[in-house]
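Here is the structure we will look at.
Every value quoted in this text rests on a predicted model; they were computed, and no experiment measured them. Every number for a ligand or one of its atoms is a count from 1 in the order of the listing.
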Amino acid sequence: MSTTLHTFDTGAVLAEGLANTVSAALASGIAARGTASIAVSGGSTPKAFFQALAKKDIAWDKVTVTLVDERFVPPESDRSNHALVTANLLQGPAAKAHFLPLYHAAASAEDAAVLASNDTAKIGAPFDVVVLGMGTDGHTASFFPGGTQLSRAIDATTPRGVITMEAEGAGEPRLTFTFSSLHDARLLILHIEGEGKKVVLAKAEGPGDEAEMPIRTMLRRAASPLQIYWAP
Ligand SMILES: O=C1O[C@H](COP(=O)(O)O)[C@@H](O)[C@H](O)[C@H]1O
C-alpha cells in the first residue's frame with residue numbers, strides 16, 4: 001500500500017496538525033458507528049501530540065483508547081507506556097475516554113498477553129486510528145529485530161491480538177499487538193521526529209529483510225495507506 005510523508009517545521013506544529021487529523025477521524029468513527037477506537041504508541045515522541053489531542057472537543061466518552069505496545073511493567077513504572085498515556089492523553093476533555101491497558105499484573109508476560117487479547121477483543125476491528133512510532137533500530141510497536149516472536153508478530157495470518165516479545169534492544173519483556181491487528185486501521189499513522197529517524201526511515205524504505213527493520217512490514221504490506229508525520 002502507499003505511504004504519504006507529511007513534514008512540519010517543528011514538533012509543536014506537527015502535534016497540533018496530527019491532533020486535528022486524529023480527532024477528526026475519531027469524530028468520523030463516532031458519527032458512523034457510534035463509537036471510535038485508537039491505539040497509540042509510547043516512548044518519548046508522542047507526548048506533545050497526546051497533550052494536543054487531549055484538548056480536542058469530541059465525544060471522548062465514546063472513544064476507546066489502547067496501546068500499540070507496552071513494556072511488561074506496572075503503570076507506576078517510569079518505563080510504562082500506560083503511565084505516559086494517563087499523564088498526557090487521558091487529561092482534560094479526553095479524560096472521559098475509556099482506556100484499555102495492555103499490562104496486567106499477571107504471573108507472566110504470556111498470561112498478561114492472553115488477558116490483554118481477551119480484554120481488547122471487545123474493541124472490534126479494524127481500529128479507527130493507529131499511531132505507530134519507530135525506534136532507531138527500525139522497530140515499530142514491539143516488533144524488534146531479533147525478537148523472540150517476531151515472525152509470529154509480523155505474519156499477516158497470525159490472528160489479531162496481543163502477544164509477547166523479548167529482544168536485546170527491548171529492555172523488559174514486551175506486550176504488542178500483532179501486525180494483523182494494526183495494519184488495516186482506518187487511519188494508519190507513523191509519527192517520527194528528528195533527523196536521525198529520517199535517516200532510519202530512508203534505510204527502511206530501501207531494500208532488505210523485514211526482520212532486519214520491522215517497520216518495513218508497515219511500509220510494504222499495510223492494507224491501509226501509511227501517513228508518515230515527521231518534524232526535525
Ligand atoms: O519502546 C518503544 O519505542 C518506540 C519508539 O519510541 P521513541 O521514544 O523512539 O518514539 C515506541 O513507538 C513504542 O511504543 C515503545 O514501546
(message) As a check for students: among H139, E172, E193, identify the option with a heavy atom nearest to atom 4 (C) of ligand 1.
(response) H139
(message) With a 4.0 Å cut-off on heavy atoms, is E70 in contact with ligand 1?
(response) no
(message) Between ligand 1 and R71, can you find any atom pair, the residue atom being a heavy atom, that is separated by under 4.0 Å?
(response) yes
(request) Looking only at distances, please establish whether an N/O atom of ligand 1 is found under 3.5 Å from an N/O atom of S142. (result) no
(message) If you measure every N or O of F144 against every N or O of ligand 1, does any of those distances drop under 3.5 Å?
(response) no
(request) If the plane angle is over 60° it's perpendicular, under 30° parallel, otherwise tilted; pick one for F49 and H191. (result) perpendicular
(request) For the pair F177 and F127, name the ring-plane relationship: parallel under 30°, tilted 30 to 60°, perpendicular over 60°. (result) perpendicular
(request) Measure N81 to ligand 1 on non-hydrogen atoms and call it side chain, backbone, both or neither using the 4.0 Å cut-off. (result) side chain
(request) Decide whether S181 and R160 meet the rule of one side-chain donor and one side-chain acceptor closer than 3.5 Å. (result) no
(message) Could you check whether D69 and S142, counting side-chain N and O atoms only, form a donor-acceptor pair closer than 3.5 Å?
(response) yes
Around [atom], find the nearest protein heavy atom and jot down its residue, atom name and distance.
atom	answer
atom 6 (O) of ligand 1	G43 CA, 3.8 Å
atom 11 (C) of ligand 1	G42 O, 3.7 Å
atom 14 (O) of ligand 1	D69 OD1, 2.6 Å
atom 12 (O) of ligand 1	G133 CA, 3.4 Å
atom 9 (O) of ligand 1	K197 NZ, 2.8 Å
atom 10 (O) of ligand 1	T45 OG1, 2.6 Å

(message) Tell me whether R174 forms a cation-pi arrangement with F72, defined as NZ or CZ under 6.0 Å from the six-membered ring centre and within 45 degrees of its axis.
(response) no
(request) Tell me whether the guanidinium CZ or amine NZ of K198 lies under 6.0 angstrom from the six-membered ring centre of W230 and within 45° of its axis. (result) yes
N-O pairing of [X] and [Y] below 4.0 Å:
X	Y	answer
R216	D209	no
E16	K55	no
E172	R79	yes

(request) Could you list which atoms of ligand 1 come closer than 4.0 Å to a heavy atom of R174? (result) 1 (O), 2 (C), 16 (O)
(request) For M134, counting its heavy atoms only, list the atoms of ligand 1 lying under 4.0 Å from any of them. (result) 5 (C), 9 (O)
